[in-house]
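Note sheet for the following structure.
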Amino acid sequence: EPEVTQTPSHQVTQMGQEVILRCVPISNHLYFYWYRQILGQKVEFLVSFYNNEISEKSEIFDDQFSVERPDGSNFTLKIRSTKLEDSAMYFCASSDMRLGRKLFFGSGTQLSVL
Amino acid sequence: AQKVTQAQTEISVVEKEDVTLDCVYETRDTTYYLFWYKQPPSGELVFLIRRNSFDEQNEISGRYSWNFQKSTSSFNFTITASQVVDSAVYFCALSEAAGTASKLTFGTGTRLQVTL
(Lines give C-alpha, C1' and ligand atoms only; values in the text may rest on other atoms or scores of the structure.)
Protein backbone atom coordinates (compact mmCIF):
# COMPACT_ATOMS: atom_id res chain seq x y z
CA GLU A 1 0.00 0.00 0.00
CA PRO A 2 1.32 3.50 -0.78
CA GLU A 3 2.69 5.45 2.16
CA VAL A 4 2.97 8.98 3.42
CA THR A 5 6.59 9.61 4.31
CA GLN A 6 7.72 12.05 6.97
CA THR A 7 11.20 13.28 7.77
CA PRO A 8 12.86 13.52 10.15
CA SER A 9 11.38 11.02 12.59
CA HIS A 10 12.80 13.02 15.49
CA GLN A 11 13.74 16.68 15.67
CA VAL A 12 15.27 18.43 18.64
CA THR A 13 15.49 22.20 18.59
CA GLN A 14 16.11 25.13 20.87
CA MET A 15 13.28 27.44 21.81
CA GLY A 16 13.02 30.32 19.36
CA GLN A 17 14.53 28.39 16.47
CA GLU A 18 12.75 27.71 13.20
CA VAL A 19 11.95 24.14 12.22
CA ILE A 20 10.68 22.66 9.01
CA LEU A 21 8.93 19.31 9.07
CA ARG A 22 8.78 17.52 5.78
CA CYS A 23 6.25 15.17 4.26
CA VAL A 24 5.86 13.37 0.98
CA PRO A 25 2.16 12.62 0.51
CA ILE A 26 0.86 9.81 -1.64
CA SER A 27 1.46 10.81 -5.22
CA ASN A 28 -2.08 11.00 -6.59
CA HIS A 29 -3.61 12.58 -3.52
CA LEU A 30 -4.85 16.15 -3.67
CA TYR A 31 -5.63 16.99 -0.06
CA PHE A 32 -2.96 17.38 2.56
CA TYR A 33 -3.10 17.84 6.29
CA TRP A 34 -1.05 18.40 9.39
CA TYR A 35 -2.15 17.13 12.76
CA ARG A 36 -0.33 17.12 16.05
CA GLN A 37 -0.45 15.05 19.20
CA ILE A 38 0.96 16.34 22.45
CA LEU A 39 2.26 13.46 24.53
CA GLY A 40 -0.58 11.43 25.99
CA GLN A 41 -3.27 13.59 24.45
CA LYS A 42 -5.59 13.34 21.49
CA VAL A 43 -4.68 14.00 17.90
CA GLU A 44 -5.56 17.58 16.92
CA PHE A 45 -6.16 19.07 13.50
CA LEU A 46 -3.85 21.89 12.48
CA VAL A 47 -4.41 22.66 8.83
CA SER A 48 -5.69 21.32 5.54
CA PHE A 49 -4.29 22.26 2.15
CA TYR A 50 -5.75 21.91 -1.31
CA ASN A 51 -4.98 23.42 -4.67
CA ASN A 52 -1.94 25.23 -3.30
CA GLU A 53 -3.74 27.02 -0.56
CA ILE A 54 -4.94 26.50 2.97
CA SER A 55 -8.54 25.30 2.97
CA GLU A 56 -9.04 25.20 6.70
CA LYS A 57 -7.00 25.81 9.82
CA SER A 58 -7.52 25.44 13.53
CA GLU A 59 -6.98 27.95 16.31
CA ILE A 60 -3.67 26.26 17.04
CA PHE A 61 -2.37 27.20 13.61
CA ASP A 62 -1.36 30.78 14.38
CA ASP A 63 1.05 33.11 12.60
CA GLN A 64 4.02 31.07 13.77
CA PHE A 65 2.94 28.22 11.51
CA SER A 66 2.99 28.02 7.76
CA VAL A 67 2.63 25.29 5.18
CA GLU A 68 3.98 25.00 1.71
CA ARG A 69 4.04 22.65 -1.22
CA PRO A 70 7.31 23.78 -2.77
CA ASP A 71 7.26 21.22 -5.58
CA GLY A 72 5.05 18.46 -6.85
CA SER A 73 5.90 16.02 -4.14
CA ASN A 74 6.78 17.66 -0.82
CA PHE A 75 4.49 19.24 1.74
CA THR A 76 6.12 21.12 4.59
CA LEU A 77 5.14 22.57 7.93
CA LYS A 78 7.27 25.44 9.21
CA ILE A 79 7.27 26.73 12.75
CA ARG A 80 9.03 30.08 12.73
CA SER A 81 9.94 30.53 16.37
CA THR A 82 9.39 27.38 18.36
CA LYS A 83 8.01 27.43 21.87
CA LEU A 84 8.21 24.76 24.53
CA GLU A 85 4.54 23.98 24.03
CA ASP A 86 5.16 23.12 20.38
CA SER A 87 6.75 19.88 21.55
CA ALA A 88 4.56 17.16 20.11
CA MET A 89 4.28 14.45 17.51
CA TYR A 90 3.38 16.01 14.16
CA PHE A 91 1.52 13.86 11.67
CA CYS A 92 1.18 14.56 8.00
CA ALA A 93 -1.74 13.02 6.14
CA SER A 94 -3.15 12.98 2.65
CA SER A 95 -6.39 11.90 1.02
CA ASP A 96 -7.69 11.48 -2.48
CA MET A 97 -11.21 12.73 -2.10
CA ARG A 98 -12.77 15.73 -0.49
CA LEU A 99 -15.03 14.05 1.96
CA GLY A 100 -15.12 10.80 3.73
CA ARG A 101 -12.11 9.11 2.26
CA LYS A 102 -9.70 7.80 4.76
CA LEU A 103 -6.71 9.88 5.60
CA PHE A 104 -3.40 8.15 5.14
CA PHE A 105 -1.12 9.22 7.95
CA GLY A 106 2.64 9.27 8.00
CA SER A 107 4.61 7.85 10.91
CA GLY A 108 5.03 11.26 12.46
CA THR A 109 7.85 13.59 13.45
CA GLN A 110 8.52 13.85 17.16
CA LEU A 111 9.47 17.48 17.81
CA SER A 112 11.18 18.31 21.07
CA VAL A 113 11.69 21.98 21.91
CA LEU A 114 14.25 22.58 24.65
CA ALA B 1 -19.48 21.95 16.65
CA GLN B 2 -18.46 18.35 16.38
CA LYS B 3 -17.25 16.32 19.31
CA VAL B 4 -16.10 12.77 19.91
CA THR B 5 -16.12 11.23 23.37
CA GLN B 6 -14.26 8.10 24.35
CA ALA B 7 -15.11 7.72 28.00
CA GLN B 8 -12.83 4.75 28.60
CA THR B 9 -9.33 6.06 29.18
CA GLU B 10 -7.72 2.69 29.69
CA ILE B 11 -8.86 -0.92 29.48
CA SER B 12 -6.91 -3.94 30.54
CA VAL B 13 -7.91 -7.45 29.48
CA VAL B 14 -6.41 -10.89 29.44
CA GLU B 15 -5.68 -12.45 26.08
CA LYS B 16 -8.66 -14.14 24.43
CA GLU B 17 -11.16 -11.93 26.20
CA ASP B 18 -13.56 -9.87 24.13
CA VAL B 19 -13.40 -6.13 24.61
CA THR B 20 -15.60 -3.26 23.45
CA LEU B 21 -14.33 0.27 23.02
CA ASP B 22 -17.01 2.94 23.23
CA CYS B 23 -17.34 6.02 21.07
CA VAL B 24 -20.05 8.66 21.26
CA TYR B 25 -20.16 11.57 18.86
CA GLU B 26 -21.94 14.88 18.43
CA THR B 27 -22.60 16.62 15.15
CA ARG B 28 -25.21 18.86 13.61
CA ASP B 29 -24.65 17.44 10.16
CA THR B 30 -26.86 14.75 8.69
CA THR B 31 -23.98 13.58 6.50
CA TYR B 32 -20.79 12.65 8.26
CA TYR B 33 -18.17 9.94 8.49
CA LEU B 34 -16.88 7.98 11.43
CA PHE B 35 -13.50 6.35 11.71
CA TRP B 36 -11.43 4.20 14.00
CA TYR B 37 -7.65 4.45 14.04
CA LYS B 38 -5.15 2.35 15.94
CA GLN B 39 -1.95 3.80 17.37
CA PRO B 40 0.46 1.03 18.38
CA PRO B 41 3.44 1.73 20.66
CA SER B 42 5.51 2.60 17.58
CA GLY B 43 3.37 5.73 17.21
CA GLU B 44 1.92 5.64 13.72
CA LEU B 45 -1.80 5.98 13.07
CA VAL B 46 -3.29 2.96 11.37
CA PHE B 47 -6.66 3.22 9.67
CA LEU B 48 -9.14 0.53 10.73
CA ILE B 49 -12.55 1.51 9.39
CA ARG B 50 -14.65 4.30 7.88
CA ARG B 51 -18.41 4.42 8.07
CA ASN B 52 -20.74 7.03 6.57
CA SER B 53 -23.84 8.28 8.34
CA PHE B 54 -26.22 6.62 5.90
CA ASP B 55 -24.89 3.15 6.44
CA GLU B 56 -25.90 1.70 9.76
CA GLN B 57 -24.99 -1.84 8.92
CA ASN B 58 -22.66 -3.38 11.39
CA GLU B 59 -19.37 -4.54 10.00
CA ILE B 60 -17.12 -7.44 10.85
CA SER B 61 -13.55 -7.84 9.74
CA GLY B 62 -11.87 -10.86 11.22
CA ARG B 63 -11.75 -10.37 14.98
CA TYR B 64 -12.92 -6.76 14.68
CA SER B 65 -16.51 -5.61 14.54
CA TRP B 66 -18.19 -2.24 14.65
CA ASN B 67 -21.66 -1.31 15.87
CA PHE B 68 -23.00 1.97 14.52
CA GLN B 69 -26.16 3.25 16.20
CA LYS B 70 -27.39 6.62 14.98
CA SER B 71 -30.17 6.67 17.56
CA THR B 72 -27.60 6.82 20.36
CA SER B 73 -24.85 8.56 18.32
CA SER B 74 -22.47 5.74 19.04
CA PHE B 75 -19.90 3.86 17.00
CA ASN B 76 -18.51 1.13 19.20
CA PHE B 77 -15.64 -1.18 18.35
CA THR B 78 -15.36 -4.76 19.56
CA ILE B 79 -12.30 -6.96 19.44
CA THR B 80 -13.11 -10.64 19.80
CA ALA B 81 -10.57 -12.99 21.34
CA SER B 82 -8.08 -10.20 21.98
CA GLN B 83 -4.38 -10.75 21.43
CA VAL B 84 -1.30 -9.09 22.87
CA VAL B 85 -0.69 -7.46 19.47
CA ASP B 86 -3.96 -5.59 19.91
CA SER B 87 -2.36 -3.53 22.66
CA ALA B 88 -2.49 0.05 21.43
CA VAL B 89 -4.35 3.32 21.77
CA TYR B 90 -7.52 3.35 19.72
CA PHE B 91 -8.99 6.60 18.45
CA CYS B 92 -12.48 7.22 17.21
CA ALA B 93 -12.83 10.18 14.84
CA LEU B 94 -15.53 12.15 13.05
CA SER B 95 -15.51 14.03 9.78
CA GLU B 96 -18.40 16.30 8.91
CA ALA B 97 -19.62 16.94 5.37
CA ALA B 98 -19.23 20.71 5.67
CA GLY B 99 -15.92 22.27 4.77
CA THR B 100 -13.58 21.69 1.91
CA ALA B 101 -11.54 18.82 3.20
CA SER B 102 -11.77 15.75 5.36
CA LYS B 103 -10.88 17.32 8.66
CA LEU B 104 -11.04 14.73 11.42
CA THR B 105 -12.04 15.42 14.99
CA PHE B 106 -10.52 12.77 17.22
CA GLY B 107 -11.61 11.47 20.58
CA THR B 108 -9.13 11.32 23.41
CA GLY B 109 -8.40 7.66 22.74
CA THR B 110 -8.71 4.44 24.71
CA ARG B 111 -5.53 2.66 25.71
CA LEU B 112 -6.02 -1.09 25.45
CA GLN B 113 -3.61 -3.34 27.29
CA VAL B 114 -3.85 -7.05 26.50
CA THR B 115 -1.84 -9.32 28.77
CA LEU B 116 -1.10 -13.03 28.71
Side-chain angles (χ1 to χ4, degrees), chain A residues 1-6 9-10 23 25-26 29-61 67 75 88-111, chain B residues 1-10 21 23 25 27 29-55 59 61 66 68 75 88-111:
Chain A
E1 189 169 89
E3 287 184 344
V4 174
T5 306
Q6 288 186 246
S9 56
H10 292 86
C23 170
I26 294 171
H29 285 185
L30 300 177
Y31 299 89
F32 314 112
Y33 313 82
W34 284 100
Y35 285 76
R36 81 169 184 191
Q37 184 183 29
I38 294 172
L39 183 64
Q41 298 185 23
K42 68 177 177 180
V43 180
E44 299 175 292
F45 170 79
L46 290 178
V47 65
S48 58
F49 191 86
Y50 169 70
N51 201 24
N52 285 320
E53 62 183 20
I54 291 173
S55 48
E56 191 172 359
K57 60 183 180 179
S58 72
E59 292 174 354
I60 303 168
F61 195 88
V67 289
F75 179 51
M89 178 75 91
Y90 288 81
F91 290 103
C92 175
S94 67
S95 66
D96 65 350
M97 191 173 130
R98 182 171 74 91
L99 293 172
R101 285 286 185 172
K102 70 178 185 180
L103 268 60
F104 290 77
F105 283 88
S107 298
T109 294
Q110 180 65 54
L111 176 65
Chain B
Q2 54 195 6
K3 186 179 175 182
V4 177
T5 301
Q6 295 180 255
Q8 303 151 307
T9 307
E10 197 160 339
L21 310 180
C23 173
Y25 62 91
T27 177
D29 273 17
T30 54
T31 301
Y32 51 88
Y33 299 84
L34 295 162
F35 301 79
W36 277 93
Y37 281 85
K38 174 182 179 180
Q39 187 176 42
S42 48
E44 71 272 25
L45 288 166
V46 179
F47 169 85
L48 295 178
I49 190 172
R50 172 180 63 97
R51 173 68 77 220
N52 75 54
S53 52
F54 297 109
D55 183 1
E59 180 154 340
S61 175
W66 290 269
F68 177 29
F75 186 44
V89 180
Y90 290 85
F91 290 98
C92 181
L94 167 70
S95 173
E96 290 182 331
T100 56
S102 295
K103 169 189 164 185
L104 294 180
T105 296
F106 284 83
T108 50
T110 297
R111 180 176 299 277

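Quick caveat, the model's predicted, so the values are computed rather than measured. Numbers restart at 1 for each chain; the letters A, B, ... are given by sequence-line order, proteins then strands.
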Measuring from [X]:[atom1] to [Y]:[atom2], what's the distance to the nearest 0.5 Å?
| X | Y | atom1 | atom2 | value |
| --- | --- | --- | --- | --- |
| A:L103 | B:R50 | CG | CZ | 11.0 Å |
| A:S58 | B:K103 | OG | NZ | 7.0 Å |
| A:F91 | B:L45 | CZ | CG | 4.0 Å |
| B:E44 | A:Q6 | CD | CD | 11.5 Å |

Problem - Enclosure of B:K38 NZ (heavy-atom neighbours >12, cutoff 6.0 Å) - result: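 Check passes, neighbour count above 12.
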Exercise for the section: Determine whether more than 12 heavy atoms belonging to other residues, nucleotides or ligands lie under 6.0 Å from atom CD of B:E59. Expected result: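 Yes, the 6.0 Å shell around CD holds more than 12 heavy atoms from other groups.
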Handout entry: Sub-4.5 Å side-chain heavy-atom contact between B:F91 and A:Q37
Key =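 Answer yes - side chains close enough.
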Practice task
Check whether any side-chain heavy atom of B:Q39 lies under 4.5 Å from a side-chain heavy atom of A:F105, and answer yes or no.
Solution key: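 B:Q39 vs A:F105: side chains apart.
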Problem - Partner residues of A:E44 under the salt bridge (charged side-chain N to carboxylate O under 4.0 Å, His left out) criterion, sequence neighbours left out - result: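 If we apply the salt bridge (charged side-chain N to carboxylate O under 4.0 Å, His left out) test to A:E44, skipping adjacent residues, the hits are A:R36.
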Practice task
Mark yes or no for whether A:Y35, through its side chain, and B:L104, through its backbone, hold a donor-acceptor pair below 3.5 Å.
Solution key: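 Yes, because the side chain of A:Y35 sits within donor-acceptor range (under 3.5 Å) of the backbone of B:L104.
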Practice task
Tell me, please, which residues at least two apart from A:Q110 pass side chain to side chain donor-acceptor pair (under 3.5 Å).
Solution key: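 With sequence neighbours excluded, A:Q110 shows a side chain to side chain donor-acceptor pair (under 3.5 Å) to no residue whatsoever.
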